[in-house]
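First comes the structure, then the notes that go with it.
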Amino acid sequence: MLSNDTYMELLIFLILFPLLMAGLLTLIQGENFRRAAVISGAVLVGIASLITLADSITTQAVYHSVPVDMIGILIFIGDILISGYIIFVSLKARQYLVTGITILQLILLCAVEYLALADHAHIPELFSDELSGIMAAIIGVIGGLICVYALGYMREYHGEHPDRPDKRHRFFGIMFLFLSAMFGVVFSNNLLWLFFFWEITTLCSFLLIRYPETDEAVKNAFRALLFNLVGGACIPVAFLVIFLGQGSQYIGLHELVTAGPGIALIPAGLIAIAGLAKSAQFPFSSWLVGAMVAPTPVSALLHSSTMVKAGVYIIARFAPVFEGQIVGILIALIGGITFLAASAIAISQSNAKKVLAYSTIANLGLIVACCGVGTAEALWAAILLIVFHAIAKSLLFLSVGTVEHQIHSRDIEDMNGLVTKMPRITMMILIGIAGMFLAPFGMLISKWASLHAFVESVPPYGILLVIIIAYGSGITAFFWAKWMGKLIAVGEPQTKDESHIPRSEKNILYILSALTIGVCFGFPIISWYLIEPWLLTMYQSVTDLISLSNIEIMFMMLFLVLIMPFSLARFTHSARRVPRYLCGIPEGRSTAFMGSCGINREIALSNYYLERIFGEERLSRISVGMGIFLIVLLLNILIIGGGL
C-alpha cells in the first residue's frame, strides 16, 4: 500500500509521462527510436496504471491540492491556446460554425475564470478512488497495447498508401497526448482542470481522424469537432450556474456530487449533455461513424479506452444525482433509444468497421441508460459494461485492421470462410464477438443486471427501458451471429497464410484475447473489491449484486465455451468433405454445380442485411429527430424549469 503522497505522485506521473512521450515522439522521427519509445512508454504507463488500480483497492479516496497556484493560470492559458488553434484551422477551412461555437465557448470560459479568481476558488485539484483506478487501468493497458499494435499497422498502412504523407511521428505523439488527457480527465477533481483535459481529447480526436488528409477525412474530422464543441459548450454554462448560484466550493467534482440533487442537478445535467456528445449518443452519433475513415488504431483508441469513455465516465460520476429525477429519466431514454436504434442500424451494415461503430454507439447507449436510472445496481452494470466493452471492442477493431491488410477489404462478405485461411486471427475475432453478446461473457452479464435494475426503477419509464433493452439485445444477437457465421463458413479449402502479419500485431491480439477471457473469470473480483466498495461510498448501502450460485453457473458455462473450439478442431480432422447437392450435378468443386438446361452455376451465399427495414439513412433520421427532441426537452427542464 502506497502512502497518500506517493500515490498522488503516481497519478501525476500518469498525466505527465505520456505528455513527455508525446513531445519526444513528435520531435524525433527515427524508426528505431520510435519503436523503442512507444514500447517502453506503453509498458511504463501500463504498469503504473495497474499499480494505481491495485492500490485503489486498499486506499480510500485520496484528494490532493497542488501548492502552486500558477498551474491553474497555465491551464487557463492552455484553454486559450486550444481555442485559438481551433479558430485558426476552422477559419482556414471555412468551417464558420465551428469558429463561432469556439468563440462563444471561450467567452464563457473567460467569465468563469474571472469568477474563479474573484472568488478565490480553491478545492483539491486531483483525486482518485476505485472508479478512477478502473478507468486508469483501461486507459493505460488498453491504450498502451493499441499504441504498440499501431507500430506494425502504420508501417503497412503507409506501404499501401504511398501517396499519403508519412507523419507517423505526429501520429504517435498525438496518441500519447490522448492518453495523457484521459488520465487528466479521470484524476481531476477541479472541474476547470477536467474541462481542460476534456478539450484536449476533443482536439486529439480531430487531429487523428483527419490524419489521412483526404477530403472525406477532413470533413469527418470537423464534424467530430463540431459535435463535441456543441456539447462541450454546456460545461462552461454549468460552471457559471455553480459560481453564480452556490459559489466556488462546488467547483470540485466530488463536492458537487456529494451536495445532492438540490444543488448539483442543473450543472450535472448540463455536463451530462457534453458527455452525451462525447459518447456519440443520438443526435450526436454521426461523428463517431464518420471517424471510421481514420486508421484502425485510431478507431480502436476512440472506441475502447479514450474519447467515448470520457463521455460515459462523467455521466457515471453524476449518476447518484440523477436517481429518481426527471433529468435522469430523460438521459436514460436518450441512452435507451440510442441502444435500440444503433443496434438496428448495425444489421444493415456489411462494412465491419461500421458494424463495430454502431455496436459501440449502442453499448454506450446502454451505459448511459444505466447511469440515467442512477440506482446502485444500474451503476454496477454500467461500470462492468465499460470494462468488458473496452477490452472486447479493442480486440475486434484491431483484428479487423489486421484482416483488412491481409485480404484488402473490411467487408464482412469478403471474410467468408476466413477460418480456413487465417485460423488464429479468426479465433481471436470470434473471442471478441463472443465477449460482446454470448453467455457467460461479461457484456451479457451486464445486460442482465441492467434489465433487473430497470425493472426496479421508476415506473412506467423502467418498463419502457426494459422493452427497449430486450428488443435491442435480440437485434444485437442477430448481427453478431451473421458475422460469426461468415467467419466459420466452410467453402473452398484455402491455404493457411498468417506469416505476413507483423509479430507485434499478433502479440497484441493474443494479449487482448487473453484479457477478454481473463476478465470473464475475474469479474467477481472486480465487482467485490472495486465496484461494490465504490458504490458503498456513493450510496451508503449496497445489496448483493450477484449470488455465488450464479457465479458458479457462469464459470461452468465459460469452461464449456472454451473447450468447444478444441472439440471442433478434433472433429474437423476426421470429417469427410462431400460436394454440395443443390438439385443439380456437382461439378467437382464445392462451390459449383450444373443446374437445369446444362448451365453451370456458382453457389453464392450472403447474409441478410434487411436495408428496407433497418436502413441507415431512415433510422438515423428518425433517431436523430427523437434525440434532438429529448435534448431540447432536457435543456428546457434544466434552464427554464430549474431541474424540476
Side-chain angles (χ1 to χ4, degrees), residues 138 141-143 145-146 148-150 153 280 288-289 291-292 294-309 342-343 345-347 349-364 366 385-407 409-415 418-419 422-438 441-444 446 476-488 501 505-520 561 565 607:
I138 292 173
V141 176
I142 306 301
L145 290 173
I146 292 171
V148 175
Y149 171 93
Y153 181 92
L288 191 59
V289 179
M292 295 303 99
T296 295
V298 175
S299 302
L301 198 68
L302 291 176
H303 287 248
S304 61
S305 62
T306 61
M307 195 61 174
V308 296
K309 289 301 188 291
S343 297
I345 293 172
I347 289 178
Q349 305 303 309
S350 63
N351 184 313
K353 286 186 71 173
K354 291 193 76 172
V355 172
L356 295 178
Y358 278 112
S359 168
T360 293
I361 295 169
N363 283 285
L364 293 173
L366 182 54
L385 281 167
I386 291 174
V387 173
F388 292 127
H389 180 267
I391 300 172
K393 193 53 66 72
S394 60
L395 171 61
L396 284 170
F397 264 109
L398 298 185
S399 298
V400 167
T402 297
V403 171
E404 182 183 2
H405 274 168
Q406 301 306 308
I407 68 173
S409 173
R410 62 177 66 159
D411 196 298
I412 291 173
E413 294 301 311
D414 294 330
M415 298 181 189
L418 190 68
V419 68
M422 303 170 63
R424 294 180 181 178
I425 300 299
T426 303
M427 185 58 64
M428 288 184 271
I429 298 177
L430 292 174
I431 290 172
I433 293 177
M436 293 301 299
F437 86 106
L438 282 181
F441 288 92
M443 294 295 288
L444 195 66
S446 303
T476 298
F478 185 79
F479 68 75
W480 285 129
K482 286 196 308 177
W483 193 351
M484 293 182 79
K486 269 295 175 184
L487 292 170
I488 62 177
I501 302 173
E505 290 187 24
K506 288 193 287 188
N507 290 339
I508 296 304
L509 295 180
Y510 289 144
I511 294 172
L512 288 171
S513 299
L515 283 175
T516 302
I517 297 172
V519 170
C520 292
V561 169
N607 277 317

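Bear in mind that the values here come from a model prediction, so they are computed numbers and not experimental data.
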Where do V419 and M427 land on the side-chain contact (heavy atoms from CB on, under 4.5 Å) test, with the steps shown first?
CA-CA 7 Å; V419 68; M427 185 58 64; 5.9 Å; no
If we ignore angles and hydrogens, is there a donor and acceptor under 3.5 Å between the side chains of Y358 and S343?
no
Could you tell me if Y149 and T402 have a donor-acceptor pair between their side chains, going purely by distance under 3.5 Å?
yes
If every non-hydrogen atom of A280 is compared with every non-hydrogen atom of I361, which pair is closest and at what distance?
O-CG2, 3.4 Å
Which residue in the set I433, I429, I508, I431 passes side chain to side chain contact (heavy atoms under 4.5 Å, CB included) when paired with S399?
I429
When rounded to the nearest 0.5 angstrom, what distance separates CD in E505 from OH in Y153?
8.5 Å
Heavy atoms of L302 and A291 approach each other most closely as CD1-CB, 3.9 Å
Hey, what do you get for CG (L395) to OH (Y510), rounding to the nearest 0.5 Å?
12.0 Å
Step-by-step side-chain contact (heavy atoms from CB on, under 4.5 Å) determination, K309 to I386
CA-CA 8 Å; K309 289 301 188 291; I386 291 174; 3.9 Å; yes
Given side-chain contact (heavy atoms from CB on, under 4.5 Å), test M292 with N351 step by step and report yes or no.
CA-CA 10 Å; M292 295 303 99; N351 184 313; over 6 Å; no
What are the two closest non-hydrogen atoms of G143 and L301, and how far apart are they?
CA-CD1, 4.0 Å
Between S513 (side chain) and L509 (backbone), is there a donor-acceptor pair under 3.5 Å?
yes
Considering all heavy atoms, the nearest A392-G435 contact:
CB-C, 4.5 Å
Would you check if the side chain of K482 reaches a backbone N or O of I347 as a donor-acceptor pair within less than 3.5 Å?
yes
As an exercise, state the distance from OG of S350 to CH2 of W483, rounded to the nearest 0.5 Å.
11.0 Å
Report the distance from atom CG of L356 to atom CZ of R410, rounding to the nearest 0.5 Å.
10.0 Å
Which atom pair, heavy atoms only, marks the closest approach of T296 to G401?
OG1-CA, 3.6 Å
In Å, rounded to the nearest 0.5 Å, how long is the span from NZ of K353 to CD1 of I412?
13.5 Å
Which heavy atom of S409 sits nearest to which heavy atom of D414, and what is that distance?
OG-OD2, 2.6 Å
Which of these, L396, I517, L398, V141, sits in a side chain to side chain contact (heavy atoms under 4.5 Å, CB included) with L512?
L398
If you measure from CE on M484 to OG1 on T426, what distance do you get to the nearest 0.5 Å?
11.5 Å
Taking the six-membered ring for Trp, are H303 and F397 parallel (under 30°), tilted (30 to 60°) or perpendicular (over 60°)?
tilted
Test item: L515 and L145 side chains (from C-beta on) under 4.5 Å apart, heavy atoms:
yes
Would you sort out whether T476 and M436 count as a side-chain contact (heavy atoms from CB on, under 4.5 Å), showing the intermediate values?
CA-CA 9 Å; T476 298; M436 293 301 299; over 6 Å; no
